[in-house]
2 protein chains.
Amino acid sequence: MDIDRELKKRQLKVTPQRQAILKVLSQSDAFINAQNLYTKVLEVLPGTNFSTVYRNLDTLVSKDLLCRISRENGGDLYKIRSEEGHHHHVICKGCGATIVIEFCPMDTIREKLEDVGFVPTDHRFEIYGYCKKCKDKSMGNI
Amino acid sequence: MDIDRELKKRQLKVTPQRQAILKVLSQSDAFINAQNLYTKVLEVLPGTNFSTVYRNLDTLVSKDLLCRISRENGGDLYKIRSEEGHHHHVICKGCGATIVIEFCPMDTIREKLEDVGFVPTDHRFEIYGYCKKCKDKSMGNI
DNA sequence: CCTCCAATTGCAACTTATTTGCATTTGCAT
DNA sequence: ATGCAAATGCAAATAAGTTGCAATTGGAGG
Ligand SMILES: [Mn+2]
Ligand SMILES: [Mn+2]
Ligand SMILES: [Zn+2]
Ligand SMILES: [Zn+2]
(Lines give C-alpha, C1' and ligand atoms only; values in the text may rest on other atoms or scores of the structure.)
(Ligands and ions follow the chains in the order given, each with its own letter.)
Protein backbone atom coordinates (compact mmCIF):
# COMPACT_ATOMS: atom_id res chain seq x y z
CA MET A 1 0.00 0.00 0.00
CA ASP A 2 1.33 3.38 -1.04
CA ILE A 3 0.44 5.40 2.01
CA ASP A 4 1.37 8.84 0.70
CA ARG A 5 -0.49 8.28 -2.52
CA GLU A 6 -3.66 7.14 -0.72
CA LEU A 7 -3.58 10.20 1.52
CA LYS A 8 -3.04 12.61 -1.36
CA LYS A 9 -5.76 10.94 -3.38
CA ARG A 10 -8.14 11.95 -0.59
CA GLN A 11 -6.71 15.44 -0.21
CA LEU A 12 -5.32 14.71 3.21
CA LYS A 13 -1.96 16.15 4.15
CA VAL A 14 0.86 13.67 4.42
CA THR A 15 2.00 14.04 8.03
CA PRO A 16 4.42 11.80 9.94
CA GLN A 17 1.59 10.93 12.34
CA ARG A 18 -0.68 9.71 9.56
CA GLN A 19 2.17 7.79 8.00
CA ALA A 20 2.86 6.12 11.34
CA ILE A 21 -0.78 5.23 11.92
CA LEU A 22 -1.18 3.75 8.46
CA LYS A 23 2.16 1.99 8.62
CA VAL A 24 1.14 0.22 11.81
CA LEU A 25 -2.27 -0.67 10.47
CA SER A 26 -0.95 -1.88 7.15
CA GLN A 27 1.31 -4.36 8.91
CA SER A 28 -1.66 -6.44 9.99
CA ASP A 29 -5.04 -7.25 8.59
CA ALA A 30 -6.53 -7.93 12.02
CA PHE A 31 -8.82 -5.49 13.79
CA ILE A 32 -7.15 -3.54 16.59
CA ASN A 33 -8.47 -1.03 19.11
CA ALA A 34 -7.44 2.61 19.35
CA GLN A 35 -5.38 2.21 22.53
CA ASN A 36 -3.29 -0.66 21.21
CA LEU A 37 -2.85 1.16 17.97
CA TYR A 38 -1.68 4.22 19.85
CA THR A 39 0.93 2.17 21.70
CA LYS A 40 2.26 0.79 18.43
CA VAL A 41 2.27 4.20 16.79
CA LEU A 42 4.47 5.46 19.62
CA GLU A 43 7.08 2.88 18.66
CA VAL A 44 7.14 4.17 15.11
CA LEU A 45 6.84 7.86 15.95
CA PRO A 46 7.52 8.61 19.63
CA GLY A 47 5.76 11.64 21.03
CA THR A 48 2.65 11.29 18.92
CA ASN A 49 -0.35 12.51 20.84
CA PHE A 50 -3.27 10.21 21.42
CA SER A 51 -5.85 12.77 20.42
CA THR A 52 -4.11 12.99 17.09
CA VAL A 53 -4.55 9.25 16.72
CA TYR A 54 -8.23 9.41 17.63
CA ARG A 55 -8.86 12.32 15.35
CA ASN A 56 -7.17 10.56 12.48
CA LEU A 57 -9.02 7.32 13.02
CA ASP A 58 -12.23 9.25 12.47
CA THR A 59 -10.82 11.04 9.47
CA LEU A 60 -9.44 7.90 7.89
CA VAL A 61 -12.65 5.97 8.39
CA SER A 62 -14.68 8.76 6.84
CA LYS A 63 -12.32 8.73 3.88
CA ASP A 64 -12.72 4.97 3.48
CA LEU A 65 -9.10 4.23 4.28
CA LEU A 66 -10.07 2.18 7.35
CA CYS A 67 -12.79 -0.24 8.39
CA ARG A 68 -14.34 0.34 11.80
CA ILE A 69 -16.52 -1.93 13.89
CA SER A 70 -17.82 -1.39 17.41
CA ARG A 71 -18.43 -4.24 19.74
CA GLU A 72 -21.00 -4.81 22.49
CA ASN A 73 -18.69 -3.85 25.31
CA GLY A 74 -17.63 -0.60 23.74
CA GLY A 75 -14.30 0.15 22.24
CA ASP A 76 -14.14 0.34 18.50
CA LEU A 77 -11.80 -1.74 16.35
CA TYR A 78 -9.99 -0.61 13.24
CA LYS A 79 -8.19 -2.16 10.35
CA ILE A 80 -6.85 -1.00 7.05
CA ARG A 81 -9.36 -1.17 4.25
CA SER A 82 -7.91 -3.11 1.40
CA GLU A 83 -11.12 -4.19 -0.28
CA GLU A 84 -13.12 -2.15 -2.72
CA GLY A 85 -16.80 -1.54 -2.20
CA HIS A 86 -19.27 -2.47 0.51
CA HIS A 87 -18.57 -5.57 2.57
CA HIS A 88 -18.82 -7.14 6.03
CA HIS A 89 -16.52 -9.08 8.35
CA VAL A 90 -16.08 -12.27 10.28
CA ILE A 91 -13.81 -11.52 13.24
CA CYS A 92 -11.88 -14.01 15.38
CA LYS A 93 -12.14 -13.16 19.08
CA GLY A 94 -8.90 -15.02 19.67
CA CYS A 95 -6.45 -13.39 17.29
CA GLY A 96 -8.44 -10.67 15.57
CA ALA A 97 -8.02 -12.26 12.15
CA THR A 98 -10.77 -11.42 9.72
CA ILE A 99 -12.58 -12.89 6.79
CA VAL A 100 -14.30 -10.57 4.36
CA ILE A 101 -17.90 -11.32 3.43
CA GLU A 102 -19.13 -10.01 0.14
CA PHE A 103 -22.67 -11.09 0.93
CA CYS A 104 -24.79 -8.26 2.31
CA PRO A 105 -28.08 -9.06 4.06
CA MET A 106 -29.47 -5.68 3.02
CA ASP A 107 -29.99 -6.98 -0.47
CA THR A 108 -32.46 -9.48 0.91
CA ILE A 109 -34.64 -7.06 2.83
CA ARG A 110 -34.31 -3.67 1.18
CA GLU A 111 -37.51 -4.27 -0.69
CA LYS A 112 -39.46 -5.22 2.41
CA LEU A 113 -38.34 -2.03 4.13
CA GLU A 114 -39.50 0.01 1.16
CA ASP A 115 -42.92 -1.55 1.51
CA VAL A 116 -43.31 -0.16 5.01
CA GLY A 117 -41.82 3.21 4.09
CA PHE A 118 -38.60 2.80 6.07
CA VAL A 119 -35.56 4.48 4.56
CA PRO A 120 -32.36 2.74 5.63
CA THR A 121 -29.29 4.94 6.02
CA ASP A 122 -26.84 2.45 7.41
CA HIS A 123 -26.56 -1.04 8.79
CA ARG A 124 -24.22 -3.38 10.62
CA PHE A 125 -23.49 -6.99 10.09
CA GLU A 126 -20.61 -8.68 11.85
CA ILE A 127 -19.86 -12.22 12.89
CA TYR A 128 -17.68 -13.07 15.88
CA GLY A 129 -16.21 -16.40 16.86
CA TYR A 130 -13.01 -18.39 16.62
CA CYS A 131 -10.94 -19.18 13.59
CA LYS A 132 -9.54 -22.64 12.95
CA LYS A 133 -6.16 -21.76 14.45
CA CYS A 134 -7.53 -20.30 17.67
CA LYS A 135 -10.06 -23.05 18.11
CA ASP A 136 -7.38 -25.77 17.71
CA LYS A 137 -5.10 -23.97 20.13
CA SER A 138 -7.79 -23.74 22.81
CA MET A 139 -8.50 -27.45 22.40
CA GLY A 140 -4.89 -28.38 23.00
CA ASN A 141 -4.25 -29.57 19.48
CA ILE A 142 -1.23 -28.48 17.39
CA MET B 1 -46.39 -8.10 30.61
CA ASP B 2 -46.46 -9.60 34.07
CA ILE B 3 -43.24 -8.17 35.44
CA ASP B 4 -43.13 -10.10 38.70
CA ARG B 5 -43.81 -13.36 36.95
CA GLU B 6 -41.09 -12.81 34.35
CA LEU B 7 -38.56 -12.02 37.08
CA LYS B 8 -39.49 -15.06 39.15
CA LYS B 9 -39.41 -17.28 36.11
CA ARG B 10 -35.73 -16.36 35.80
CA GLN B 11 -35.01 -16.69 39.49
CA LEU B 12 -34.42 -13.00 39.91
CA LYS B 13 -35.63 -11.32 43.07
CA VAL B 14 -38.58 -9.00 42.65
CA THR B 15 -37.26 -5.66 43.84
CA PRO B 16 -38.90 -2.23 43.51
CA GLN B 17 -35.93 -1.12 41.38
CA ARG B 18 -36.40 -3.94 38.90
CA GLN B 19 -40.11 -3.33 38.79
CA ALA B 20 -39.48 0.35 38.06
CA ILE B 21 -36.96 -0.40 35.32
CA LEU B 22 -39.24 -2.89 33.63
CA LYS B 23 -42.28 -0.69 34.05
CA VAL B 24 -40.56 2.16 32.25
CA LEU B 25 -39.27 -0.09 29.51
CA SER B 26 -42.57 -1.84 29.00
CA GLN B 27 -44.29 1.48 28.36
CA SER B 28 -42.48 1.86 25.04
CA ASP B 29 -41.21 -0.46 22.39
CA ALA B 30 -38.54 2.00 21.24
CA PHE B 31 -34.88 1.60 22.08
CA ILE B 32 -33.65 3.93 24.83
CA ASN B 33 -30.24 4.53 26.36
CA ALA B 34 -29.26 3.88 29.96
CA GLN B 35 -29.12 7.52 31.02
CA ASN B 36 -32.58 8.37 29.72
CA LEU B 37 -33.91 5.22 31.23
CA TYR B 38 -32.35 6.16 34.55
CA THR B 39 -34.08 9.54 34.46
CA LYS B 40 -37.42 7.91 33.82
CA VAL B 41 -36.86 5.32 36.51
CA LEU B 42 -36.32 8.14 39.01
CA GLU B 43 -39.82 9.40 38.28
CA VAL B 44 -41.27 6.01 39.12
CA LEU B 45 -38.98 5.23 42.05
CA PRO B 46 -37.12 8.30 43.33
CA GLY B 47 -33.77 7.62 44.93
CA THR B 48 -32.90 4.67 42.75
CA ASN B 49 -29.17 4.51 42.23
CA PHE B 50 -27.76 4.63 38.75
CA SER B 51 -25.38 1.76 39.33
CA THR B 52 -28.38 -0.35 40.22
CA VAL B 53 -29.89 0.53 36.88
CA TYR B 54 -26.72 -0.34 35.00
CA ARG B 55 -26.26 -3.59 36.88
CA ASN B 56 -29.82 -4.59 36.16
CA LEU B 57 -29.60 -3.75 32.50
CA ASP B 58 -26.79 -6.27 32.23
CA THR B 59 -28.68 -8.81 34.27
CA LEU B 60 -31.90 -8.41 32.35
CA VAL B 61 -30.18 -8.64 28.99
CA SER B 62 -28.39 -11.80 30.05
CA LYS B 63 -31.71 -13.27 31.12
CA ASP B 64 -33.30 -12.39 27.78
CA LEU B 65 -35.74 -9.92 29.26
CA LEU B 66 -34.23 -7.06 27.26
CA CYS B 67 -32.77 -6.50 23.81
CA ARG B 68 -29.53 -4.52 23.67
CA ILE B 69 -27.83 -2.92 20.70
CA SER B 70 -24.69 -0.78 20.69
CA ARG B 71 -24.17 1.92 18.17
CA GLU B 72 -21.08 3.25 16.48
CA ASN B 73 -20.67 6.23 18.77
CA GLY B 74 -20.91 4.25 21.97
CA GLY B 75 -23.84 4.19 24.32
CA ASP B 76 -25.96 1.09 24.25
CA LEU B 77 -29.70 1.07 23.69
CA TYR B 78 -32.24 -1.13 25.42
CA LYS B 79 -35.79 -2.19 24.95
CA ILE B 80 -38.06 -4.76 26.42
CA ARG B 81 -37.93 -8.09 24.68
CA SER B 82 -41.39 -9.14 23.72
CA GLU B 83 -40.51 -11.52 20.93
CA GLU B 84 -39.60 -15.13 21.34
CA GLY B 85 -36.46 -16.52 19.82
CA HIS B 86 -33.60 -15.03 17.83
CA HIS B 87 -34.29 -11.90 15.82
CA HIS B 88 -32.87 -8.61 14.59
CA HIS B 89 -34.00 -4.99 14.44
CA VAL B 90 -34.61 -2.06 12.19
CA ILE B 91 -34.23 1.09 14.27
CA CYS B 92 -35.47 4.60 13.46
CA LYS B 93 -32.85 7.22 14.25
CA GLY B 94 -35.60 9.79 14.57
CA CYS B 95 -37.97 8.32 17.13
CA GLY B 96 -36.34 5.05 18.15
CA ALA B 97 -39.23 2.99 16.86
CA THR B 98 -38.31 -0.52 15.83
CA ILE B 99 -39.31 -3.19 13.39
CA VAL B 100 -38.46 -6.77 14.19
CA ILE B 101 -36.76 -8.83 11.50
CA GLU B 102 -37.21 -12.55 11.67
CA PHE B 103 -34.74 -13.07 8.83
CA CYS B 104 -31.23 -13.87 10.07
CA PRO B 105 -28.30 -13.58 7.67
CA MET B 106 -26.41 -16.25 9.60
CA ASP B 107 -28.59 -18.88 8.01
CA THR B 108 -27.18 -17.92 4.65
CA ILE B 109 -23.51 -18.17 5.53
CA ARG B 110 -23.20 -20.60 8.39
CA GLU B 111 -22.26 -23.33 5.99
CA LYS B 112 -19.54 -21.28 4.34
CA LEU B 113 -17.98 -20.54 7.72
CA GLU B 114 -17.95 -24.23 8.55
CA ASP B 115 -16.02 -24.86 5.37
CA VAL B 116 -13.16 -22.65 6.52
CA GLY B 117 -13.27 -23.98 10.08
CA PHE B 118 -14.60 -20.80 11.67
CA VAL B 119 -16.87 -21.33 14.68
CA PRO B 120 -19.28 -18.42 15.10
CA THR B 121 -20.28 -17.57 18.65
CA ASP B 122 -22.30 -14.44 18.06
CA HIS B 123 -23.21 -11.92 15.45
CA ARG B 124 -24.84 -8.55 14.96
CA PHE B 125 -27.22 -7.36 12.37
CA GLU B 126 -28.99 -4.04 12.71
CA ILE B 127 -30.46 -1.58 10.27
CA TYR B 128 -30.70 2.15 10.98
CA GLY B 129 -32.63 4.79 9.15
CA TYR B 130 -35.89 6.71 9.27
CA CYS B 131 -39.39 5.40 9.59
CA LYS B 132 -42.23 6.73 7.49
CA LYS B 133 -43.41 9.09 10.19
CA CYS B 134 -40.00 10.64 10.85
CA LYS B 135 -39.16 10.91 7.19
CA ASP B 136 -42.45 12.70 6.42
CA LYS B 137 -41.92 15.03 9.35
CA SER B 138 -38.44 16.01 8.19
CA MET B 139 -39.78 16.69 4.71
CA GLY B 140 -42.45 19.02 6.02
CA ASN B 141 -45.37 16.81 5.03
CA ILE B 142 -48.23 15.85 7.36
C1' DC C 1 13.53 28.80 -2.45
C1' DC C 2 10.09 31.84 0.15
C1' DT C 3 5.57 33.00 1.81
C1' DC C 4 1.27 32.11 3.57
C1' DC C 5 -2.60 29.98 5.54
C1' DA C 6 -5.71 26.33 6.25
C1' DA C 7 -4.98 21.99 8.03
C1' DT C 8 -3.00 19.52 11.56
C1' DT C 9 -0.96 18.66 15.91
C1' DG C 10 0.04 18.84 21.07
C1' DC C 11 -1.53 19.67 25.34
C1' DA C 12 -4.60 19.70 29.03
C1' DA C 13 -8.90 19.72 30.76
C1' DC C 14 -13.41 17.78 30.27
C1' DT C 15 -17.08 14.49 29.34
C1' DT C 16 -19.72 10.43 28.85
C1' DA C 17 -20.75 6.02 29.88
C1' DT C 18 -20.14 2.94 32.67
C1' DT C 19 -17.71 -0.18 36.47
C1' DT C 20 -16.18 -1.62 40.93
C1' DG C 21 -15.36 -2.32 46.06
C1' DC C 22 -17.54 -2.45 50.09
C1' DA C 23 -20.86 -1.79 53.77
C1' DT C 24 -25.81 -2.11 54.37
C1' DT C 25 -30.27 -3.70 53.33
C1' DT C 26 -33.76 -6.85 51.73
C1' DG C 27 -36.38 -10.60 49.28
C1' DC C 28 -37.76 -14.91 50.03
C1' DA C 29 -36.97 -19.88 51.07
C1' DT C 30 -37.42 -22.55 55.11
C1' DA D 1 -39.78 -15.20 62.44
C1' DT D 2 -34.94 -16.23 60.87
C1' DG D 3 -30.95 -16.48 57.96
C1' DC D 4 -28.41 -15.43 54.27
C1' DA D 5 -27.42 -14.94 49.40
C1' DA D 6 -28.75 -11.53 46.39
C1' DA D 7 -29.40 -6.91 45.59
C1' DT D 8 -28.75 -2.10 46.56
C1' DG D 9 -26.54 2.54 47.67
C1' DC D 10 -22.68 5.21 47.81
C1' DA D 11 -18.44 6.92 46.43
C1' DA D 12 -14.53 6.53 44.00
C1' DA D 13 -12.33 4.81 39.85
C1' DT D 14 -12.00 3.72 35.07
C1' DA D 15 -12.23 3.45 30.03
C1' DA D 16 -12.71 5.59 26.00
C1' DG D 17 -12.84 9.14 23.89
C1' DT D 18 -13.78 14.62 22.96
C1' DT D 19 -12.87 19.49 22.81
C1' DG D 20 -10.85 24.29 22.97
C1' DC D 21 -7.05 26.61 21.93
C1' DA D 22 -2.43 27.98 20.88
C1' DA D 23 1.59 26.48 18.25
C1' DT D 24 3.30 24.14 14.26
C1' DT D 25 3.58 22.62 9.53
C1' DG D 26 2.47 20.65 4.77
C1' DG D 27 2.17 22.03 0.43
C1' DA D 28 -0.05 25.28 -3.05
C1' DG D 29 1.28 29.28 -5.35
C1' DG D 30 4.64 32.91 -6.57
MN1 LIG E 1 -7.98 -16.48 15.19
MN1 LIG F 1 -39.41 7.06 13.53
ZN1 LIG G 1 -24.08 -4.62 3.99
ZN1 LIG H 1 -29.20 -13.51 13.63
Side-chain angles (χ1 to χ4, degrees), chain A residues 2-24 31-42 44-63 65-66 68-79, chain B residues 2-25 31-42 44-63 65-66 68-79 96:
Chain A
D2 186 337
I3 290 173
D4 294 10
R5 165 183 266 282
E6 293 301 320
L7 286 172
K8 281 174 187 153
K9 196 190 293 181
R10 291 162 178 82
Q11 307 174 89
L12 293 172
K13 288 189 178 176
V14 179
T15 67
Q17 293 84 347
R18 283 178 179 156
Q19 288 173 317
I21 291 167
L22 289 172
K23 183 177 179 189
V24 168
F31 276 91
I32 182 178
N33 67 36
Q35 301 289 332
N36 286 166
L37 171 65
Y38 172 57
T39 305
K40 291 189 184 187
V41 165
L42 283 184
V44 175
L45 188 69
T48 303
N49 193 273
F50 69 97
S51 58
T52 299
V53 172
Y54 276 113
R55 269 191 286 238
N56 273 309
L57 285 174
D58 275 352
T59 305
L60 298 173
V61 166
S62 77
K63 295 282 186 178
L65 259 166
L66 304 182
R68 162 161 55 194
I69 58 172
S70 21
R71 290 161 315 160
E72 283 260 333
N73 62 349
D76 294 356
L77 301 180
Y78 301 85
K79 82 174 200 58
Chain B
D2 185 338
I3 290 172
D4 295 11
R5 167 184 264 280
E6 293 300 322
L7 286 171
K8 282 175 187 154
K9 195 190 294 182
R10 291 162 176 82
Q11 305 172 89
L12 294 171
K13 290 188 178 175
V14 178
T15 67
Q17 293 83 350
R18 281 178 182 157
Q19 289 174 315
I21 290 166
L22 289 172
K23 183 178 178 187
V24 168
L25 285 170
F31 275 90
I32 181 178
N33 69 33
Q35 302 289 332
N36 285 167
L37 171 64
Y38 172 56
T39 305
K40 291 189 183 185
V41 165
L42 282 184
V44 175
L45 188 70
T48 303
N49 193 274
F50 68 96
S51 58
T52 300
V53 172
Y54 277 111
R55 269 191 286 238
N56 273 309
L57 286 174
D58 274 351
T59 305
L60 298 174
V61 167
S62 76
K63 296 282 186 178
L65 259 166
L66 303 182
R68 162 160 57 195
I69 57 173
S70 20
R71 288 161 315 158
E72 284 258 335
N73 63 347
D76 294 354
L77 301 180
Y78 301 86
K79 83 173 199 57

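Values reported hereafter were calculated over all heavy atoms of this structure, with side chains retained and with hydrogens, waters and symmetry mates removed. A, B, ... follow the sequence lines: proteins, then strands. Residue 1 opens every chain. These numbers were taken from a predicted model, which means no experiment stands behind them.
- Residues Leu7(A) and Leu65(A) are in side-chain contact: their nearest non-hydrogen atoms beyond the backbone lie under 4.5 Å apart.
- The shortest side-chain heavy-atom distance between Ile32(B) and Lys40(B) falls under the 4.5 Å cut-off.
- Qualifying side-chain contact (heavy atoms from CB on, under 4.5 Å) partners for Leu42(A), counting only residues two or more places apart in sequence or in other chains: Tyr38(A), Thr48(A).
- A search for side-chain contact (heavy atoms from CB on, under 4.5 Å) contacts involving Phe31(B) returns Cys67(B), Ile69(B), Leu77(B), Lys79(B), His89(B), Ile91(B), Thr98(B), not counting sequence neighbours.
- The nearest whole Å value for the distance from the OH atom in Tyr38(B) to the P atom in dT16(C) is 15 Å.
- Residue contacts for Asp58(B): at a heavy-atom cut-off of 4.0 Å it reaches the sugar-phosphate backbone alone, with no base atom in range.
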- Message: Output one letter per nucleotide in nucleotides 22-30 of chain D: B when a protein non-hydrogen atom lies under 4.0 Å from the base, S when only the sugar-phosphate is that close, - when neither is.
- Response: ----BS---
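- The strand DNA chain C forms stems, runs of 3 or more Watson-Crick or G-U wobble pairs with distances below 3.5 Å, at C:1-30 with D:1-30.
- Rounded to whole Å, the distance from CG on Leu45(B) to C1' on dT8(D) is 11 Å.
- Rounded to whole Å, atom C1' of dG27(C) lies 12 Å from atom CG of Leu7(B).
- Rounded to an integer number of Å, the gap from CG of Asn36(A) to P of dG17(D) is 11 Å.
- Note: CG (Leu37(A)) to C1' (dA16(D)) measures 14 Å, nearest angstrom.
- Remark: Arg55(B) pairs with no residue by the salt bridge (Lys or Arg N to Asp or Glu O under 4.0 Å) rule, at least two apart or across chains.
- The CZ-C1' distance, from Arg10(A) to dT8(C), rounds to 18 Å in whole Å.
- Defined by atom type and a distance below 3.5 Å, a donor-acceptor pair is present between the side-chain atoms of Asp4(A) and Gln19(A).
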List every contact pair, protein side and nucleotides 10-13 of chain D side both N or O, where the distance is under 3.5 Å.
from, atom 1, to, atom 2, distance (Å)
dC10(D), N4, Ser51(B), OG, 3.2

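- Atom CG in Asp76(B) sits roughly 17 Å away from atom P in dT16(C) (whole-Å rounding).
- Rounded to whole Å, atom P of dA7(C) lies 14 Å from atom CG of Asn56(A).
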